[in-house]
Participant: 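My structure is below; once you've seen it, I'll send some questions.
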Amino acid sequence: MNKLSYKLQHHPPNIGLQMQKTKNNLSSSGRLATMMMMEDEEDMTRSAISTLQSREEEIERKKMEVREKVELQLSRAEEETRRLAQIWEELEVLADPLRKEVAVVRKKIDMANRDLKPLGQSCQKKEKEYKEALEAFNEKNREKAQLVTTLMELLSESEKVRMKKLEDLSKHVDSRV
């Protein structure tokens with residue numbers, strides 16, 4: 001049981017007297033109450049400001065802790081990145097130790113292929129021209145051979161005709177003599 005309940009049960013208040021006291025107290029206590037309220041408000045304001053400041057300090061402290069953790073992780077990540085880059089370079093070297101030499105030879109092969117293409121085209125063109133010229137040559141040779149054969153036949157025939165005429169003339173001359 002609290003004090004107020006105890007007083008009300010054991011000493012009932014005199015309502016009229018209390019109201020008079022209350023009126024008198026109100027005017028003097030009104031100022032006092034206002035002052036007390038102002039002091040309470042100031043105390044509450046100070047308390048609120050103090051609480052806010054401590055919360056701000058706590059937030060700032062936690063912010064710094066998080067920042068330090070992030071910076072630590074970033075430095076670890078950077079270190080790991082450097083380590084992985086070094087491993088990557090070593091893997092590249094292991095992958096093809098003669099990569100530069102191979103690249104040079106491949107480039108030379110490409111250049112040779114570029115040079116060969118027009119030469120091959122020129123060769124095909126000249127080969128075609130050669131075949132056409134050979135065909136024309138062979139055709140003329142056949143024509144010549146045919147003409148020579150015809151000439152031989154004509155000469156042979158001419159010889160026979162002349163021999164026959166000579167024989168006839170010789171017989172004719174012999175018969176007159």
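Values below: every heavy atom of this structure, side chains too, minus hydrogens, waters and symmetry copies.
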Participant: Would you give the length of the straight line joining atom CG of L116 to atom CD1 of I109, rounded to the nearest 0.5 angstrom?
Facilitator: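 Here the rounded value is 11.5 Å.
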
Participant: Excluding sequence neighbours, so at least two apart, what forms salt bridge (charged side-chain N to carboxylate O under 4.0 Å, His left out) with K171?
Facilitator: none

Participant: For side-chain contact (heavy atoms from CB on, under 4.5 Å), just list the numbers for M111 and R114, CA-CA rounded to whole Å, side-chain angles, deciding distance to a tenth of an Å, and then say yes or no.
Facilitator: CA-CA 5 Å; M111 289 172 50; R114 275 186 260 139; 3.6 Å; yes

Participant: Do K140 and E143 meet the salt-bridge criterion of a basic N to acidic O distance under 4.0 Å?
Facilitator: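 Yes, charged N to carboxylate O under 4.0 Å.
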
Participant: When rounded to the nearest 0.5 angstrom, what distance separates CG in D110 from NZ in K108?
Facilitator: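 With rounding to 0.5 Å, CG (D110) is 12.5 Å from NZ (K108).
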
Participant: Starting at CZ of F137, measure out to CZ of R142 and round the result to the nearest 0.5 Å.
Facilitator: 11.0 Å

Participant: Does atom CD of E129 have more than 12 heavy-atom neighbours from other groups under 6.0 Å away?
Facilitator: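 It does: E129 CD has more than 12 such atoms within range.
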
Participant: Using a 3.5 Å cut-off and no angle test, enumerate the donor-acceptor pairs between side-chain atoms of residues 53-71 and protein atoms at least two apart in sequence or in another chain.
Facilitator:
unit_1: S54; atom_1: OG; unit_2: S50; atom_2: O; d: 3.3
unit_1: S54; atom_1: OG; unit_2: T51; atom_2: O; d: 2.8
unit_1: E58; atom_1: OE1; unit_2: R61; atom_2: NE; d: 3.4
unit_1: E58; atom_1: OE1; unit_2: R61; atom_2: NH2; d: 2.8
unit_1: E58; atom_1: OE2; unit_2: R61; atom_2: NH2; d: 2.3
unit_1: R61; atom_1: NH1; unit_2: E65; atom_2: OE2; d: 2.6

Participant: Would the number of heavy atoms belonging to other residues, nucleotides or ligands and lying under 6.0 Å from CD of E79 be above 12?
Facilitator: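 No, CD of E79 has 12 or fewer neighbouring heavy atoms, counting only those of other groups under 6.0 Å.
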
Participant: Within this structure, what is the CG-CE distance for the pair L166 and M163, rounded to the nearest 0.5 Å?
Facilitator: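 Result: 6.5 Å between the selected atoms.
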
Participant: Scan K164, E159, K160 and name whichever one has a side-chain contact (heavy atoms from CB on, under 4.5 Å) with R162.
Facilitator: E159

Participant: I'd like to know if R83 and E80 make a salt bridge, using a cut-off of under 4.0 Å between side-chain N and carboxylate O.
Facilitator: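 A salt bridge links R83 with E80.
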
Participant: Return the CD to CG distance between E153 and L151, rounded to the nearest 0.5 Å.
Facilitator: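 So the gap between those two atoms works out to 10.0 Å.
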
Participant: Once salt bridge (charged side-chain N to carboxylate O under 4.0 Å, His left out) is applied, do any residues pair with R46, and if so which ones, sequence neighbours excluded?
Facilitator: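 Residues passing salt bridge (charged side-chain N to carboxylate O under 4.0 Å, His left out) with R46: E42, D43.
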
